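Let me begin by presenting the structure, written as structure tokens, before commenting on it.
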Amino acid sequence: MIVRVICLFILLCFSGAAQAQNPDGFSIDLAADHVEVTSNFSGATVVVFGTMDTKSDGLAITLKGPNSQVMVRKKENVMGMWLNRGYIFFKDVPHFYSYAVYGDEKKLAPSSVLAQNEIGLNALVIRPEDEDELEESIPFQEALIRNWQKTGHFPLNSNQITMQGGRLFRADFQLPSNIPTGTYKVSAYSFKGGKIVDSRDKLLIVEQAGFSALVKNFALEHSFAYAFIMLLIALLTGLFSGFLVRQKKSA
Amino acid sequence: MDIYLPIAEISLHLEVILGLGIVVGFISSVFGIGGGFIATPFLIFLGIPPAFAVGTQAVQLVSSSLSGVLGHWSRGNVDVQVGSVMLAGSLTGTILGVGIFHFLQYTGQIDVVINILYVLLLGTIGSMMLFESAKTLLHQKKDEHAGRSAFWHKATEKLPYKVSFPRSGLYISAVVPITLGLIGGLMVSVLGIGGGFFLVPAMIYVLGMPTHLVAGTSLYQILITTAFSAILQAVSNNTVDVVLALMLMLGSLIGLQIGIYASQYIRGATSRLLLALMLLAVCFKLAGVLFIEPHEFYNVEVEQ
């Protein structure tokens, strides 16, 4: 909380400076541009602040996670058993997506405008690796969204952007504990009369930190040493427990 | 409390992993088997990818088999010669298993295949054990003298490369223990279990080893195989999570202590009956996943 207050303070100073250059300008910033995944990580809140353009009448912010190739498989009944049969690859799927709007999403802009900028859950573009599979991929695509809504990677509804007084706005995004590490992009859009008049981007880094990062890097870079240290730990606990067992039995 | 697994990159409840470790340790001290058959499916059920469950389980097995083999070693109940010949098979089996695992992952059938194999293994061994222990309990029958069955004697008699194993008093073809080891190695690297519950009866009935040497020898073999598998999985696939392994080992250390007290009250045929029921319960749970129509027909996997 203290961190947030400090960030808010810095941001206010910052936006003050920005205002000096462009008094009516549109600007955003993150309370923290790093999310550190440590050993007791249980999710995080990403706070996006900004000042609204005086001439604009709407706002939307999207938060998109690292893109990866995703495979969706379908189970089918084969001789009484449910086996994985069909599959479709999707390319460049953000592993996390969330969005926030100011006011009513439907009044913001025509859906075609929102779709072009991937604002809103139905606007997210998920394309199969093989363009010929576009039609048959639809149920797979719906399943992908359904599955990731369940794990908290995709939203069930939009978040709200709240006005903090004056032109200062704020939006909170919840990151679940099973968040993938990587680079995320925060995009903010300023609307006027159903059109996007301005936009701002910020990058958000989600990475392992502390002990977690140490272990991960060590395991990747010195995999032999990592394996041997682990074996040593296993042998020591084995010795110790064998010792305890024999003490108990002889007692 | 949540704990983040740095290699598997997911967050789990600490209590759940510790609890699982305690159950595994308890089972291994009361029933004298590894408990991997509960740990691996449960880890997968918790959302840990199969590769990480199997890889990490190898480390936990190193610890539990070492703790088990020590007692047998001090009593001289390990036939190093038979164990080492079996190792020739099991180390090959481990490498083969890692390859098979990769192939199944590639074709997308890994979870299904693991499921089917567990159902078959647990179902067969569970029902055999249930039948045997129930019979013993009902008739209060004395344990029959165990030994090589006539069928296996005939079946393996003609095989080449006969070797003498003086410690066990055997003169048999090396092909047989190597084959048993091969199957054991496959179990370690595909299913994440030591395979003791398969190896022990097989060594008695197929090899004809003296009963008092079987447990120690199989544990000796499992210890080295799982250590090899752990190194292989950590170096080639990076699928061994040290935090997860540590929590499991810690839990199992606690469970082992509880189990020692409990085993004073649970004995012989009763304990085998309980174990059989437990094996069958896990079997039915996994069979349910396989045969009952799922709520969600699709599953999602992110390619690395």
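No experiment lies behind these values; they were computed from the predicted model shown.
- For B/Ser74, the part lying under 4.5 angstrom from a heavy atom of chain A is the side chain only.
- Ion pairing between a basic and an acidic side chain is recognised when a charged N comes within 4.0 Å of a carboxylate O; A/Lys75 and B/Glu296 show no such pairing.
- At a 4.5 Å heavy-atom cutoff, the contact between B/Leu290 and chain A is made by backbone and side-chain atoms alike.
- Of the listed residues (A/Arg85, A/Glu76, A/Arg146), the greatest number of heavy-atom pairs within a distance under 4.5 Å of chain B belongs to A/Arg146.
- Within 6.0 Å of NE2 in B/His13 there are 12 or fewer heavy atoms belonging to other residues, nucleotides or ligands.
- Under the 6.0 Å cut-off for aromatic ring centres, A/Tyr97 and A/Trp148 do not qualify, their centroids lying 6.0 Å or more apart.
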Stepwise, does the side-chain hydrogen bond (donor to acceptor under 3.5 Å, both in side chains) test hold for A/Ser223 with B/Asn238?
CA-CA 8 Å; A/Ser223 53; B/Asn238 247 300; 5.5 Å; no

Chi angles and distances behind the side-chain hydrogen bond (donor to acceptor under 3.5 Å, both in side chains) call for A/Thr45, A/Gln174
CA-CA 5 Å; A/Thr45 307; A/Gln174 292 300 326; 3.3 Å; yes

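- Of the two parts of A/Tyr87, neither the backbone nor the side chain holds a non-hydrogen atom closer than 4.5 Å to a non-hydrogen atom of chain B.
- Looking at A/Phe228, the atoms closer than 4.5 Å to chain B (heavy atoms on both sides) all sit in the side chain, from C-beta outward.
- Using a 4.5 Å cut-off between heavy atoms, A/Thr151 makes no contact with chain B at all.
- B/Val240 touches chain A through backbone and side chain together, each having a heavy atom under 4.5 Å away.
- With a 4.5 Å cut-off on non-hydrogen atoms, A/Pro180 does not touch chain B at all.
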Verify side-chain hydrogen bond (donor to acceptor under 3.5 Å, both in side chains) between B/Gln221 and B/Ser90, making sure each step is shown before the conclusion.
CA-CA 8 Å; B/Gln221 190 270 137; B/Ser90 66; 2.9 Å; yes

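- Contact annotation for A/Ile229: neither backbone nor side-chain heavy atoms come within less than 4.5 Å of a heavy atom of chain B.
- The candidate from A/Ala143, A/Gly43, A/Ser212 with the greatest count of non-hydrogen atom pairs under 4.5 Å with chain B is A/Ser212.
- Of the listed residues (A/Pro176, A/Ser68, A/Ala219), the greatest number of heavy-atom pairs within a distance under 4.5 Å of chain B belongs to A/Ala219.
- Between A/Lys185 and A/Asp201, at least one side-chain nitrogen of the basic residue sits less than 4.0 Å from a carboxylate oxygen of the acidic one, meeting the salt-bridge criterion.
- For A/Phe218 and A/His222, the ring centers sit closer than 6.0 Å to each other.
- Without hydrogens or angle criteria, A/His153 side chain to A/Asn178 main chain gives a donor-acceptor distance under 3.5 Å.
- Proximity to chain A involves both the backbone and the side chain of B/Asn299, based on heavy atoms less than 4.5 angstrom apart.
- The aromatic rings of A/Trp82 and B/Phe297 are tilted relative to each other, their planes meeting at an angle between 30° and 60°.
- Of the residues considered (A/Phe89, A/Phe243, A/Phe140, A/Phe90), A/Phe140 shows the highest number of contacts with chain B, using heavy-atom pairs under 4.5 Å.
- For B/Glu293, the parts lying near chain A are the backbone and the side chain together; criterion is any non-hydrogen pair under 4.5 Å.
- A salt bridge is defined here as a Lys NZ or Arg NE, NH1 or NH2 lying under 4.0 Å from an Asp or Glu carboxylate O, and A/Glu131 with A/Arg127 meets this definition.
- Proximity to chain A is limited to the side chain of B/Val243, based on heavy atoms less than 4.5 angstrom apart.
- A donor-acceptor pair under 3.5 Å is absent between the side-chain atoms of A/Glu133 and the main chain of A/Pro128, judged by distance alone.
- Annotation: maximal heavy-atom pairing with chain A below 4.5 Å, among B/Ala230, B/Pro294, B/Gly71, B/Gly259, occurs at B/Pro294.
- Contacts between B/Leu5 and chain A at a heavy-atom distance below 4.5 Å are absent for every atom of the residue.
- In this structure, chain A has a heavy atom under 4.5 Å from the side chain of B/Asp111, while its backbone stays farther away.
- Contacts of B/Leu61 with chain A are absent, with no heavy-atom separation under 4.5 Å from either backbone or side chain.
- In this structure, chain B has heavy atoms under 4.5 Å from both the backbone and the side chain of A/Ser42.
- With chain A as the partner, the residue from B/Leu12, B/Ile10, B/Val59 showing the most heavy-atom pairs under 4.5 Å is B/Val59.
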